K.L.:
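Structure provided below as structure tokens; questions to follow.
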Amino acid sequence: MKSTRRFAAGAMAILMAASMAAVASPSTAVASESSSAASSAAASSAASESSGNKLFRFATSTEPTTLDPTKGNSVADNEVQRAITEGLVRTIDGEINPACAEKWEVSDDQLTYTFHLRDGLKWSDGKDLTSKDFLYAFQRLIAPETASPYAWICSTAGIQNADDCMSGAKKPEELGVTAPDDSTVVITLSNPTPYFLSLLGSSTVFCPVRQDVVEQYGTDFAATADKNVYSGPFVLSSSENQVLVYEKNPNYWNPDAVHFDRVEENIVADASTQLAMYESGDLDYVSIPLEQTQNYIDSDEHGSYENGNDDFMYINSGSEDQPLLQDANFRLALNYAIDHENYIALATDDVYKAATTFVLPEVSGTNGKTYGEQYGDKLHAFPKNGDADKAKEYLKKAMDAAGITDPSSIVLNVTCTDNQDEKKIIEVVQQMWAETLGIDVEIKQITYAEKYSTVYPQHDYEVGYGGWSPDYSDPYTYLELFRGDNPNNYSNYHNDEYDKKLATTVTETDPDKRLATLAECENMLLDDGAVVPLQFREQHYLMKKNVTGIKFSLGAVNFDWCFGDITA
Amino acid sequence: MGKYIVKRVIAAVITLLVLITVVFFLVRLMPGEPFTSEKLNPIVKENMIKYYGFDKPLIVQYFQYLGNLLHGNLGYSMKFTNKTVNYIIGSTFPYSADLGLRALAIALAFGLLLGILAALNRGNKLDVFCVILAIIGTSIPDFIMGAFLQLVFGIKLKWLPVAQYTDFKHTILPSLSLAFYTMASVSRTMRASMLEVVQQDYIKTARAKGLSNLRITWKHQIRNAIMPVITIMGPTVAAVLTGTFVIESMYAVPGMGKYYVDSTNNNDYSMILGMTVFYGAFLIFCNLLVDILYGVVDPRVRVGK
């Protein structure tokens, strides 16, 4: 037996060596490829560290869908472009700052904006940046053959002929943007858009693009970091291996405002991994997932901001499968049955802020105040703890009108996706409705891809969870969702009086009057129970103490690190 | 042997073609569409449908796809709009394969070692130890093992980095986490197979002829016992090398795993197809290799065909 054992050990040594050798050849080939990439990254990071430079590292769970500024369509895309492109103006912390445009004039009718570019603007490759680059970017954005998912933002911005150019009925050259000389960009609007500058300064699809570079690479333009040139405070030096590496752009017009020399954005899908990386010192900033927030709320590196996401239950107000939803009384019953305080505790672990009105109160109002500060107390908010009696009253009215006697005979289908957070939310809502109203609430699960590509646009649901992230800081971005002809009117809400009132805010040039009308519009929605507001999302994060100057805002960009600083 | 290989290759090509065809039409039956966003605009959607050629009849799209495939072109992703599927696979596969090969080397070396040691020491402590290890390995899911190793060696002891995949130190934890399950299954298969072989008549004959234990174990027992391990290796190699969602995401390895899951979540037709074709081709290739390896290890297979 002893000899067997001795033999076995020997045999195994040989076998192990053999099995190692068998895989060693392809393994080393692959390994050398990846390790060379790794070592070059390591080498460059070592180089930047050795020169005493400032490095900022953070993680994101959402991989940007594109590096092409014109095709960006998410907050993650915008946040990347914000660092590497520079528009006419730049919205920082809600304020509009001159950027490529040094100054601008607005015509009296608020329809014509004339932007004057700075002298000596340069691209990262040293070529001059002129108004032609802006003109090209706008025309490329609107051209149907570009198929930019965000082309419609031109129409939101109120730019003349946007819809016709987007559909191909008019040529891109007919869009209301011209460049009379190399340093002037003129944008003509079809209606006064009070949020125009704020949108221009935060949405990066309006940033300049170089025609010769696009033509050089064709459909591969901006596929990787080396296939584009940059105009922003940073250039993208690498986009390989799930790390975006930004380096200070020496040709940026305002280099003194830029403090980071190198920024590394790590795309790490798993939120717990991100936290682990932060805790082991591999990151300077990390956002905390909802379910972990309470564990970190007392940390002195903890902070939070409102990212503008407004979550609610869509009600299909024109539902034929559940005709009760067409009755405002039934919709109000659904609203009054929600105990918002309890909901926030149960569904979001007390992390989010309860929403008893629809529009995010933090969006801009007038005279430097927020909408909430000006109109918060004038809105017909739902009670914080719901109102079971009122809910039952409304239900009774709706049932009487429909000739229903037994509430338990009412079946309400609630649509949600397979997202974990969402499931939890729906279960809480389901229970509140079932308990307070005594109706039968059933959950219908679909995929995310189904939700916004077919189910919601075709109004193929009764009640469903959803949310809206604003593109600009103005109540209109939310209220527009209930405009009868809006393709994003997933609520199937049709109210002529509402549409008329909302339309007056588009042409109104007095900002105070306009805001008052918008508040009236919101009250109409609340009185009509058109939507069940649930929560305003708050994003929590951890940031090292030595990092300063990071801005957080709602809208197209949430996490704005471009002009931050880090001390040793 | 030559004829045997040619037959296998032809069968492989046909399998692949069937796979492509089935998947091509199946993805179109998935609920929802690829262009999905809460801010979808109908005109924009029209433009995107044209851009990706979805306005053409399905059968035309199918032959176009096959034509592009012959040139090795898998098309553009619909989610990551200006990246080609080729680029995404090309830039992520090396990481998945590197991680997979490391895991495989560990799994094979220790799996075989444990399996053989357990079989040779059947019934005593070493055997019990190996069996327990194998049971733990097969019954603990990789995300628990991954999280456990990450917590102990990364966060608590701080011996190894918690995530990312840049140098050797970064590869250790993900490789071990990934290797554990395969190691356990290899050792179990090897042990069972060794025990079966040892009862065969030819082992008794060899022993009766007075061959040394070393010679019997090495030449007769292991060589015959390794066949089932080779069989399970085909699909295992393909699965491990082409990326594993859980381990890659947990350790932030920039591999292929997440694209599999994301592509189906996003209804990204070209990515789903590209990934499936790539994975399918790889799996078929691995099985082909296994078939050929049989012939090398076991002459009876060659003669039989």
Side-chain angles (χ1 to χ4, degrees), chain A residues 3-5 7-8 10-12 15-16 19-20 23 26-27 30-31 33-35 38 41-42 63 65-68 71 73 144-145 147 149 151-152 163 166-167 219-223 240-242 266 268-270 273 276-277 279-280 282 446-450 452-454 457 466 468 487-488, chain B residues 30-44 46-48 50-51 76 79-84 87 91 94-95 97-98 101-102 104-105 108-109 112-113 116-117 120-121 150 154-155 158 161-167 213-214 217-218 222 249-252 254 258 265-267:
Chain A
S3 62
T4 323
R5 226 172 288 165
F7 149 77
M12 251 3 281
L15 202 73
M16 268 173 68
S19 67
M20 288 292 214
V23 290
S27 151
V30 177
E33 197 180 316
S34 55
S35 69
E63 180 172 358
T65 62
T66 177
L67 297 173
D68 180 342
K71 293 194 175 184
N73 70 350
E145 55 273 17
W152 55 267
D163 279 334
M166 188 160 74
S167 67
T219 44
D220 281 338
F221 168 69
E240 302 291 315
N241 311 324
Q242 307 284 357
N266 300 276
V268 178
D270 192 302
T273 305
M277 287 171 72
E279 287 187 355
S280 65
D282 295 336
I446 54 170
T447 64
Y448 178 81
E450 253 179 298
Y452 289 113
S453 69
T454 51
W468 191 257
N488 297 135
Chain B
M30 293 202 317
E33 288 162 8
F35 311 116
T36 183
S37 148
E38 59 194 35
K39 297 179 178 173
L40 198 64
N41 174 294
I43 309 176
V44 164
E46 278 306 302
N47 292 339
M48 293 182 77
K50 266 187 223 142
Y51 184 83
Y76 280 85
K79 169 84 177 173
F80 302 103
T81 43
N82 53 359
K83 282 188 180 160
T84 61
Y87 173 80
S91 60
Y95 283 93
D98 182 68
L101 283 170
R102 286 171 200 273
L104 218 55
L108 268 183
L112 289 176
L113 176 69
I116 293 168
L117 284 183
L120 294 178
N121 298 281
Q150 199 175 40
I155 297 175
K158 294 196 189 298
V162 288
Q164 294 192 307
Y165 205 76
T166 46
D167 52 28
N213 273 337
L214 183 104
T217 310
W218 181 242
I222 292 181
S249 123
M250 185 172 282
Y251 288 99
K258 83 177 189 121
N265 280 345
N266 297 324
N267 277 16

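The structure presented is a predicted model; accordingly, all values stated were derived computationally and were not measured. In what follows, chains are A, B, ... by sequence order, proteins preceding strands, each numbered from 1.
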K.L.:
Rounded to the nearest 0.5 Å, how far does CH2 of Trp152(A) lie from CG of Leu40(B)?
P.N.:
10.0 Å
K.L.:
Counting heavy-atom pairs closer than 4.5 Å to chain A, which one of Pro161(B), Pro34(B), Pro254(B) comes out on top?
P.N.:
Pro254(B)
K.L.:
Can you see which heavy atom on Asp163(A) is nearest to which on Ile43(B), and at what distance?
P.N.:
O-CD1, 4.3 Å
K.L.:
For Ile155(B), which atoms come within 4.5 Å of any heavy atom of chain A: side chain, backbone, both, or neither?
P.N.:
side chain
K.L.:
Mind ranking Asn73(A), Thr447(A), Asp68(A) by heavy-atom pairs under 4.5 Å with chain B and telling me who comes out on top?
P.N.:
Asp68(A)
K.L.:
Tell me yes or no: between the side chains of Asn265(B) and Tyr448(A), is some donor less than 3.5 Å from an acceptor?
P.N.:
no
K.L.:
Please tell me if the side chains of Lys39(B) and Tyr452(A) come closer than 4.5 Å, counting only heavy atoms from C-beta onward.
P.N.:
no
K.L.:
Could you tell me whether the side chains of Thr273(A) and Tyr251(B) share a donor-acceptor contact shorter than 3.5 Å?
P.N.:
no
K.L.:
Where on Thr65(A) is there a heavy atom nearer than 4.5 Å to chain B: the side chain, the backbone, both, or neither?
P.N.:
both
K.L.:
If I measure from the heavy atoms of chain A, does Lys158(B) come under 4.5 Å with its side chain, its backbone, both, or neither?
P.N.:
side chain
K.L.:
Which heavy atom of Val162(B) sits nearest to which heavy atom of Ser280(A), and what is that distance?
P.N.:
CG2-OG, 3.4 Å
K.L.:
Once you round to the nearest 0.5 Å, how far does OG1 of Thr66(A) lie from NZ of Lys79(B)?
P.N.:
11.5 Å
K.L.:
Would you call Lys50(B)-Glu145(A) a salt bridge at under 4.0 Å N-O?
P.N.:
no
K.L.:
Does any backbone or side-chain atom of Ile446(A) lie under 4.5 Å from a heavy atom of chain B? Answer side chain, backbone, both or neither.
P.N.:
neither
K.L.:
Dump the intermediate steps for side chain to side chain contact (heavy atoms under 4.5 Å, CB included) on Tyr95(B) and Asn241(A), then the final yes or no.
P.N.:
CA-CA 9 Å; Tyr95(B) 283 93; Asn241(A) 311 324; 2.9 Å; yes
K.L.:
So which of Ala276(A), Ala269(A), Pro144(A) has the biggest tally of heavy-atom pairs under 4.5 Å with chain B?
P.N.:
Pro144(A)
K.L.:
Looking at Ala163(B), Pro31(B), Ala252(B), which has the largest count of heavy-atom pairs under 4.5 Å with chain A?
P.N.:
Pro31(B)
K.L.:
Evaluate Asn488(A) against Glu38(B) for side chain to side chain donor-acceptor pair (under 3.5 Å), listing each step before the verdict.
P.N.:
CA-CA 8 Å; Asn488(A) 297 135; Glu38(B) 59 194 35; over 6 Å; no
K.L.:
Would you kindly say whether Asp282(A) and Gln164(B) are connected by a side-chain donor-acceptor distance under 3.5 Å?
P.N.:
no
K.L.:
How many angstroms lie between atom OG1 of Thr84(B) and atom CG of Asp220(A), to the nearest 0.5 angstrom?
P.N.:
6.5 Å
K.L.:
Quick one, Tyr76(B) and Thr219(A) - any side-chain contact, counting heavy atoms below 4.5 Å?
P.N.:
yes
K.L.:
Looking at every non-hydrogen atom in both residues, tell me the closest pair between Pro42(B) and Pro487(A) and how far apart they are.
P.N.:
CD-CB, 3.2 Å
K.L.:
With a 4.5 angstrom heavy-atom cut-off, which part of Thr81(B) approaches chain A: side chain, backbone, both or neither?
P.N.:
both
K.L.:
For Met166(A) versus Asn41(B), what's the shortest heavy-atom pair and its separation?
P.N.:
CE-OD1, 3.8 Å
